[in-house]
2 protein chains.
Amino acid sequence: MKPVKIGLLGLGTVGGGTVRVLKRNASEITRRAGRDIQIVAASARSLDKARICDTTGIRLTADPYEIVNDPEIDIVVELIGGLDPAQDLVLQALDAGKHVVTANKMLIALHGNEVFAKAREKGVMVAFEAAVAGGIPIIKALREGLSGNTVEWLAGIINGTCNFILTEMWEKGRDFGEVLKEAQALGYAEADPTFDVEGVDAAHKLTILASIAFGIPLQFAKVYIEGISGITALDVTYAEALGYRIKLLGIARRTAEGIELRVHPTLIPARRLIANVNGVMNAVLVKGDAVGPTLYYGAGAGAEPTASAVVADIVDVVRTLTSDPDNRVPHLAFQPGAIADIPVLPIEAVETAYYLRLSAEDKPGVLADVTRILANHNISIEAIIQKEAPQGGSQLPVILLIHKVRERELNEAVARIEALPTIGGSVKRIRLETLG
Amino acid sequence: MKPVKIGLLGLGTVGGGTVRVLKRNASEITRRAGRDIQIVAASARSLDKARICDTTGIRLTADPYEIVNDPEIDIVVELIGGLDPAQDLVLQALDAGKHVVTANKMLIALHGNEVFAKAREKGVMVAFEAAVAGGIPIIKALREGLSGNTVEWLAGIINGTCNFILTEMWEKGRDFGEVLKEAQALGYAEADPTFDVEGVDAAHKLTILASIAFGIPLQFAKVYIEGISGITALDVTYAEALGYRIKLLGIARRTAEGIELRVHPTLIPARRLIANVNGVMNAVLVKGDAVGPTLYYGAGAGAEPTASAVVADIVDVVRTLTSDPDNRVPHLAFQPGAIADIPVLPIEAVETAYYLRLSAEDKPGVLADVTRILANHNISIEAIIQKEAPQGGSQLPVILLIHKVRERELNEAVARIEALPTIGGSVKRIRLETLG
């Protein structure tokens, strides 16, 4: 069979990795795909800088539009990232009847509905395994491997930067700011780390996972997002003493009232496998009604792990080149006409357990006041720990683990606790999930 | 589109689970597959016993051949297990031009080459996700999700019975025989547990995984197999003290000299995620050259987890019903003409690290004799621990961890150690893998 011709948009870290992997494993990939896969052209912003990979045999251009309009090219691989110009390039490539493989989570999370509609109109595929959790084939697992299940919930460590920071804080008792600086020096965090540490990147990925798990539209704007910048070494230590680790999780859950979509730091039992996923590694835990819990673990970023997903998508596209466009795996796992607009719950309506940390005066009766307020709001307590006052301080740290409560109810209770004259400052709140 | 019609062979545990899952999730599955999937007929050995599931709307028959020859049926799902009559039924179904989904690891491991050849001849598919690791979509991950990689090695906990027994031994310090009896009472182990505890079942699954990881023929006869019946509570305790857990692993590795295929109890570092996979759960760790290590975890057996894989296979087959048979994912991941008959190494040629336990007289010079023999065979030692003699005994247990050594070399060294007059009985040997 004649070779499949690829045009690459972007020769940065992932683009370079993709070229390297496709060249190194060319014969292995052809053994699988049944035909050669050739990168015939690639675009890069700057053509004269030293290349990240060997580009022998690849036509280089500074103009990505040259690639999306090249009639010789079968599949366009978009590895530029961001929205401008990636969005326009992808839509033009689809318009030109080309299949698209992309690692662009922001594009899919924010504009996927439009991109997929265009792809359907043109009878071509958009594959995006690399957009979520790097090299872990989680899109494939959810969309095809678990297709017999009603997915009940999923919870993922889907931002390597945050997991690296939280792992360092846990292993070495270090503080957030200090570890963030190290992560930046190591290249694990950007100069402006907001996207990662404030949970936005994880929310892009969660948007995609939730959509293919439940067959709902992509709706990034409805994700509740809370990052890890407020987590202190103290919280990590107290959590550990109680048998929990703190991880930034993206959680999607189907309840009788609607869908929960949330990204936030979370206490999880230390004995759970996912609690032991450390450093920059990612993992997604999926609970299906038939299969029970399943977990998928691997590198969530990096040149070659991401390239692994890109190449798998290319091979998948090659395999459907001769298939009936109406009988492919749908982009969002469910048939376009079967996407259900199940309401997404506002965070105030979500129920979770909680870790609460407060500063109390060292006086009799303070705990009684706090527990009475919780009882009045029907909030039951799993554990209370009162610590020694830190040196020189007159306030005692009090840690409470409380059972599941609706956010709205907890907000009221916390406001009352904070109004107590014996309580200093605000109550620190971190959600807790048993993931059982 | 018109419904796809399924004929089920076998209404035991997995057959019943498959009926339940297909009925319960019918609307969810149709939302995904784009058409209804109906079980129209099922065969069972006994028709009058109380059914494990609601069989309303399903034509029941005692004759499975009625199903494989029924022109109305599109896909035959074989859930009888074993070779006779499953093998003949599958071949007849293929001959009749029907696609086949099977959970039968023995059939695929022993006769897969012939089954797939027949399927190719007839232009139909044989899907077997449920044959390995129950509900974990590991076949799909290896065959499609990691298709950009050269797979370097894989290591799996792929027998739930053994993992349950080893977990109990580790958690509670119990002995093998006692836990085996409990596993039998719980239904986790068969009355004749040989297949599970002696590693044969794991070897069937490893045969399949290795074939699709490396693109080699299915060759069960070349797997080195060693079960867990020789593991004692003492070994589990000593391993733990050294920072290791003992798991029954199926390991396939590609080396410059050939392929390693082996099932045996293995010490693995306790900090590895896979070392913390407990109870009846399964997990497979796959190392690809691009993606690095990835891990897949879930239930390896049971009615609905296995049904989850069976239904996913059915949906996959439905999606390729209109595709070009020559451009599907190949049965063994690699194109039939590209299967490479790379030699499988005999166990004597395999290199691994080892845990050795020996009984030594409590005399000066004994350790010197042992270490001299190891040094003479160029075997380097990572750790030596000498324990107190058990009550009333005069022999001291000595535990050694040794670095990688070729089996043949170790056999000679061990023979010399066992010939020392100061060493009692035989040397206990358990392989050790760092899985790094």
Side-chain angles (χ1 to χ4, degrees), chain A residues 17 21-22 24-25 28-34 129 135-137 140-141 144-150 215 273 276-277 283 288-299 304-305 307-312 314-316 318-324 326-330 333-335 338 340, chain B residues 17 21-22 24-25 28-34 129 134-137 140-141 144-150 215 273 276-277 288-299 304-305 307-312 314-316 318-324 326-330 333-335 338 340:
Chain A
V21 170
L22 271 174
R24 188 176 68 230
N25 291 339
E28 193 81 349
I29 292 166
T30 301
R31 282 178 70 204
R32 293 177 182 265
E129 181 65 79
I136 308 173
K140 183 169 284 284
E144 303 172 40
L146 303 181
S147 62
N149 291 265
T150 297
L273 217 51
N276 295 285
V277 170
D289 70 334
V291 75
T294 57
L295 180 125
Y296 309 86
Y297 162 91
E304 294 211 359
S308 167
V310 168
V311 175
I314 293 173
V315 174
D316 268 5
V318 168
R319 280 181 177 140
T320 59
L321 286 179
T322 55
S323 78
D324 170 6
D326 289 331
N327 199 19
R328 289 181 190 139
V329 182
F334 294 77
Q335 300 292 325
Chain B
V21 170
L22 272 174
R24 187 175 70 231
N25 290 340
E28 194 81 350
I29 293 166
T30 302
R31 281 178 70 204
R32 293 175 183 266
E129 181 64 79
I136 308 173
K140 184 170 282 286
E144 303 173 40
L146 303 181
S147 62
N149 290 265
T150 296
L273 217 50
N276 295 283
V277 169
D289 70 333
V291 74
T294 58
L295 180 127
Y296 310 85
Y297 162 91
E304 294 211 359
S308 167
V310 168
V311 176
I314 293 173
V315 174
D316 268 5
V318 168
R319 278 177 178 145
T320 58
L321 285 179
T322 55
S323 79
D324 170 6
D326 289 331
N327 198 20
R328 289 180 190 140
V329 182
F334 294 77
Q335 300 292 325

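Both backbone and side-chain heavy atoms feed into the values below; hydrogens, waters and symmetry mates do not. Numbered from 1 within each chain, the chains take letters A, B, ... in sequence-line order.
Looking only at heavy-atom pairs under 4.5 Å with chain B, the residue among A:Ala290, A:Gly34, A:Gly288, A:Pro137 that has the most is A:Ala290. For chain A, the option among B:Ala299, B:Gly134, B:Gly215 with the highest count of heavy-atom pairs below 4.5 Å is B:Gly215. Between chain A and the residues B:Asn276, B:Thr150, B:Val318, the most heavy-atom pairs under 4.5 angstrom are made by B:Thr150. Options B:Ala333, B:Pro330, B:Ala338, B:Ser147 differ in how many heavy-atom pairs under 4.5 Å they form with chain A, and the most are formed by B:Ser147. Options A:Glu129, A:Arg31, A:Gln335, A:Lys140 differ in how many heavy-atom pairs under 4.5 Å they form with chain B, and the most are formed by A:Arg31. Of the listed residues (A:Val310, A:Asp289, A:Thr320), the greatest number of heavy-atom pairs within a distance under 4.5 Å of chain B belongs to A:Asp289. Between chain B and the residues A:Ile136, A:Val277, A:Val291, the most heavy-atom pairs under 4.5 angstrom are made by A:Val291. Ranked by heavy-atom pairs under 4.5 Å with chain A, the first of B:Gly17, B:Ala312, B:Gly135, B:Ala307 is B:Ala312. Contact count versus chain B (heavy atoms, under 4.5 Å) is highest, among A:Thr294, A:Val21, A:Leu321, for A:Thr294. Contact count against chain B (heavy-atom pairs under 4.5 Å) is highest for A:Pro305 among A:Gly298, A:Ala340, A:Pro305.
Taken from CG in B:Asn327 to CZ in A:Arg319, the straight-line distance is 8.0 Å, to the nearest 0.5 Å. Note that CD1 of A:Ile314 is 5.0 Å distant from CG of A:Leu22, once rounded to the nearest 0.5 Å. Once rounded to the nearest 0.5 Å, the distance linking OH of B:Tyr296 with OH of A:Tyr296 reads 10.0 Å.
For the pair B:Glu144 and A:Val315, the minimum side-chain heavy-atom distance is 4.5 Å or more.
A donor-acceptor contact closer than 3.5 angstrom is absent between the side chains of B:Asn25 and A:Asn149.
Residue contact with chain A, scored on non-hydrogen atoms closer than 4.5 Å, is absent for B:Ala309. If you measure heavy-atom distances from A:Arg328 to chain B, the contacts under 4.5 Å come from the backbone alone.
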